[in-house]
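Source: prediction; values computed, not measured.
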Amino acid sequence: MYFLPWVSLFFSILWASAVAAIPSPTYKRASSPFVSTSGPDFMVNGSLLKYIGTNAYWLPTLNTNEDIWNTLGNVSALGIKVIRLWAFNDVDTIPVNGTWFQLIKDGTVSVNDGPNGLQKLDTVIQMAEQRGLYVILSLTNNWDPFANATAVTNSSIPRNYLSNNYGGMDLYVQQFGLQTHDQFYTNPSILTSFMNYTTQVVSRYVNSPSVFSYELANDPRCNSTFPASPNCTTETITTWHATVAAHIRSIDPNHLISSGVGGYMCTDCPKLYPLTPSPAPPAPSPALGKKKRSQGKPVTKEQILRERSERRRRNRETAKRAGTLVEDGVRIRGRWVSTATKRQQTSTTGSLYDGAYGVDSQDISNIPDIGFSSFQLFPDQQSYGPDDSNVAPWQSVEQNGAQWITNQAQSASAVGKPAVLTGFGLVTQTNAPYFVPFNSTVAPFATDGDKPSATKNSTGYGVTSQEQASTYTSWINTGIAAGLNGIVQYQWGQTNLTAEPGTTISPSTTTGQSPTPSSPGEAPTPQETTGESPNDGYSITGSTTDQQILGSASQSIAAD
């Protein structure tokens with residue numbers, strides 16, 4: 001069967017070790033079973049909460065309650081505390097089999113409250129509570145390439161197999177007869193319909209302590225399969241967050257509300273929610289014997305460029321000592337001058353920090369109803385900084401990712417709220433044939449056309465398992481050192497699931513006896529068929545090598 005990847009268990013042990021070394025502060029708060037925040041910390045039942053989580057967006061689509069229960073049990077057994085999943089499942093045609101939550105068709109919307117609808121989500125929430133787990137409920141998705149018929153090239157994948165095949169923003173845009181992605185945020189009819197859906201979800205769980213937070217959307221931004229209009233800005237996305245968050249808060253006073261953005265910043269954009277009011281109120285004096293807790297400074301363009309320059313300098317010095325220095329510029333008067341590409345990299349921050357996606361995560365995090373700052377890290381989908389020719393490509397990915405984590409923690413500190421990495425992953429060579437980008441329906445590295453079920457990677461794309469291990473170790477250590485409150489791996493893998501044709505978990509693995517008659521004239525013995533959970537390029541199985549790495553990591557932690 002699938003187990004949580006060794007890296008996730010490694011994270012759990014490492015995180016527990018780090019938290020145990022931190023003295024617990026004293027909070028004057030009433031004990032509550034609901035997760036809340038106190039400044040930059042999560043609290044539950046009067047105690048500090050830091051956690052490792054995993055993504056299982058497909059959990060409500062499993063075919064039996066036993067499969068849900070067993071999956072949650074496997075998660076809980078490894079010390080994982082939080083599961084992030086899709087609390088939406090939109091269709092434009094009611095499917096014959098499988099799960100669906102909402103029908104969006106020709107500008108009308110209806111919610112499925114039946115046993116193959118929101119009752120499946122109820123089951124997940126109830127079982128999570130029994131297992132002692134918390135659940136982040138994401139309410140819609142930025143990515144839905146299946147809403148645009150001209151973008152779809154693969155119809156052989158079972159519905160709900162890919163994380164971007166659950167409906168979402170672009171399905172609203174399509175079925176309401178609109179043209180640009182950002183009309184999801186501004187069109188009054190869509191906004192009313194979406195908030196009606198959130199009402200039906202949120203009102204079900206007002207008193208459930210297993211809900212960690214309502215996440216407004218997965219990776220919201222101005223563009224998706226449908227393009228952005230020229231009018232979409234960071235203020236468009238921030239205003240939408242504030243509107244929907246206030247609506248949820250009016251229904252549910254008990255639970256946290258989060259964004260789900262990728263973490264993109266805009267260092268020079270105007271803020272709807274500036275950090276410091278004018279005039280600034282006087283800061284209260286700390287209690288006797290206590291140190292004053294100061295908020296961090298926001299991330300700046302100058303800081304980003306300085307950090308990149310310093311990292312390049314360190315890499316060059318290391319390469320020079322090793323005799324591997326790469327000089328790719330031109331020599332003028334005996335000195336090397338950087339290429340035009342490098343000069344450009346040293347003068348601009350790029351789309352991560354300039355508001356190009358219409359996202360200002362600092363401004364969103366500072367909305368009063370948003371409980372914590374969230375971000376994601378997927379280098380196979382997004383570049384997080386310039387490559388450095390003096391280190392291996394995967395090491396550039398590792399270093400850029402670590403800097404991204406540090407900057408996100410700093411940004412959260414500036415608004416005085418907890419910070420959570422809600423999803424991170426790195427595609428290995430083994431998983432490359434299954435990898436489908438978020439805004440695509442095609443597995444570009446599969447050997448069987450665009451079908452993400454091939455078992456051989458002929459292109460060599462992806463990092464090795466060892467490179468992934470080194471990168472994940474670097475990122476988790478960076479996150480702990482920077483003060484992240486939650487780190488959520490992407491994605492959980494599970495086998496031995498009940499398979500039914502036409503559903504997310506379709507037959508894929510055959511076990512049991514061969515279909516031969518036990519005696520002449522008798523029917524063949526039926527084979528037992530089981531299925532595996534979806535894998536869009538990030539699910540990792542346990543293996544002997546992984547277990548050896550985990551054992552080595554555990555020894556290192558024990559010796560620390």
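- In terms of modelled atom types and a separation under 3.5 Å, the side chain of W86 and the main chain of N164 share no donor-acceptor contact.
- Summarising the geometry of F438 relative to P145, their closest heavy-atom pair is O-CD, 4.1 Å, with the distance given to 0.1 Å.
- Inspection of the T225 and N439 side chains reveals an N or O donor paired with an N or O acceptor under 3.5 Å.
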Practice item. Please assess F212 against V82 for the test side chain to side chain contact (heavy atoms under 4.5 Å, CB included), listing each intermediate value before the final yes or no. Key: CA-CA 8 Å; F212 188 95; V82 177; 4.1 Å; yes

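- At distances below 3.5 Å, at least one donor-acceptor pair connects side-chain atoms of T233 with backbone N or O atoms of E235.
- Residues I370 and Y273 fail the side-chain proximity criterion, which asks for heavy atoms closer than 4.5 Å.
- At a cut-off of 3.5 Å, with distance as the only test, a side-chain donor of Q399 or N315 sits close to an acceptor on the other residue.
- A donor-acceptor pair shorter than 3.5 Å cannot be found between the side chains of S138 and N218.
- With respect to the salt-bridge test (charged N to carboxylate O, under 4.0 angstrom), the residues R311 and E307 do not qualify.
- The distance between the ring centers of Y353 and Y264 does not fall below 6.0 angstrom.
- Within the 3.5 Å criterion, the main-chain N or O of L162 finds no donor-acceptor partner in the side chain of D536.
- Taking 4.5 Å as the limit, some side-chain heavy atom of T422 sits within range of a side-chain heavy atom of E215.
- No donor-acceptor pair under 3.5 Å is formed between the side chain of S440 and the backbone N or O of V436.
- Here the shortest heavy-atom pairing between D380 and V427 reads OD2-N, 2.9 Å.
- Between N407 and Q403 the shortest side-chain heavy-atom distance falls below 4.5 Å.
- With T238 contributing its side chain and T234 its backbone, the two residues share a donor-acceptor pair below 3.5 Å.
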Practice item. With side chain to side chain contact (heavy atoms under 4.5 Å, CB included) as the test, would you mind laying out the steps for R308 and I304 before giving the verdict? Key: CA-CA 6 Å; R308 289 179 179 175; I304 297 162; 3.8 Å; yes

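- Under 3.5 Å, the side chains of N366 and Q362 contain no donor-acceptor pair of N or O atoms.
- At a cut-off of 3.5 Å, with distance as the only test, a side-chain donor of T54 or Q489 sits close to an acceptor on the other residue.
- N535 and N431 form a side-chain donor-acceptor contact under 3.5 Å, judged by distance and modelled atom types alone.
- At a cut-off of 3.5 Å, with distance as the only test, no side-chain donor of D182 or T236 sits close to an acceptor on the other residue.
- Ring centroid separation for the pair Y434 and F445 does not come in under the 6.0 Å cut-off.
- Put simply, the side chain of T406 gets close to the backbone of A402: a donor and an acceptor are under 3.5 Å apart.
- To the nearest 0.5 angstrom, R84 atom CZ is 5.0 Å from N55 atom CG.
- In this structure, L256 and V35 approach most closely via the heavy-atom pair CG-O, 3.6 Å.
- How far CZ of F184 is from OG of S224: 11.0 Å, rounded to the nearest 0.5 Å.
- Here the side chain of Q395 pairs a donor or acceptor atom with the backbone of A392 at under 3.5 angstrom.
- The shortest non-hydrogen separation linking A432 to Y461 is CB-O, 3.5 Å.
- Taking both residues in full, the closest heavy atoms of Y57 and P534 are given as OH-CB, 3.4 Å, listed atom of the first, atom of the second, then distance.
- Between the CG atom of N141 and the CG atom of D219 there is a distance of 8.0 Å, given to the nearest 0.5 Å.
- One distance of note links CZ of F42 with OH of Y134; it measures 11.5 Å at 0.5 Å rounding.
- The backbone N or O of G296 lies less than 3.5 Å from a partner atom in the side chain of S413, making a donor-acceptor pair.
- Under the 3.5 Å distance criterion, the side-chain polar atoms of T473 are matched with a main-chain donor or acceptor of A469.
- Distance alone, capped at 3.5 Å, places no donor-acceptor pair between the W492 side chain and the S539 backbone.
- Between L484 and F375, some side-chain heavy-atom pair lies under the 4.5 Å cut-off.
- Evaluated for a ring-ring contact (aromatic ring centres under 6.0 Å, His included) with F424, the options Y490, Y384, Y538, Y472 yield exactly one hit, Y472.
- The closest side-chain heavy-atom distance from P379 to E398 is not below 4.5 Å.
- Q410 and Q303 share a side-chain donor-acceptor pair at under 3.5 Å.
- Expressed to the nearest 0.5 Å, how far OG1 of T471 lies from CG of N400 amounts to 11.0 Å.
- Neither side chain, D363 nor H241, offers a donor N or O lying under 3.5 Å from an acceptor on the other.
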Practice item. For side chain to side chain contact (heavy atoms under 4.5 Å, CB included), just list the numbers for I237 and R221, CA-CA rounded to whole Å, side-chain angles, deciding distance to a tenth of an Å, and then say yes or no. Key: CA-CA 7 Å; I237 309 298; R221 59 178 76 182; 5.8 Å; no

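- Taking every heavy atom of both residues into account, P433 and A443 meet most closely at O-CB, 3.7 Å.
- Between the CD1 atom of I157 and the OG1 atom of T441 there is a distance of 6.5 Å, given to the nearest 0.5 Å.
- Side-chain contact, S365 with S373: a donor N or O sits under 3.5 Å from an acceptor N or O.
- With salt bridges taken as basic N to acidic carboxylate O contacts below 4.0 Å, one links E310 and R313.
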Exercise for review: Could you give me the CA-CA distance, side-chain angles and deciding distance for Y357 and M265, then say whether side chain to side chain contact (heavy atoms under 4.5 Å, CB included) is met?
Suggested key: CA-CA 9 Å; Y357 298 115; M265 303 184 192; over 6 Å; no

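- Contact of the L216 side chain with the S258 side chain is not registered, since no non-hydrogen atoms from C-beta on lie closer than 4.5 Å.
- Looking at heavy atoms from C-beta onward, T267 lies out of side-chain contact with D354 at the 4.5 angstrom threshold.
- Counting only heavy atoms from C-beta outward, the side chains of N485 and D41 approach each other to under 4.5 Å.
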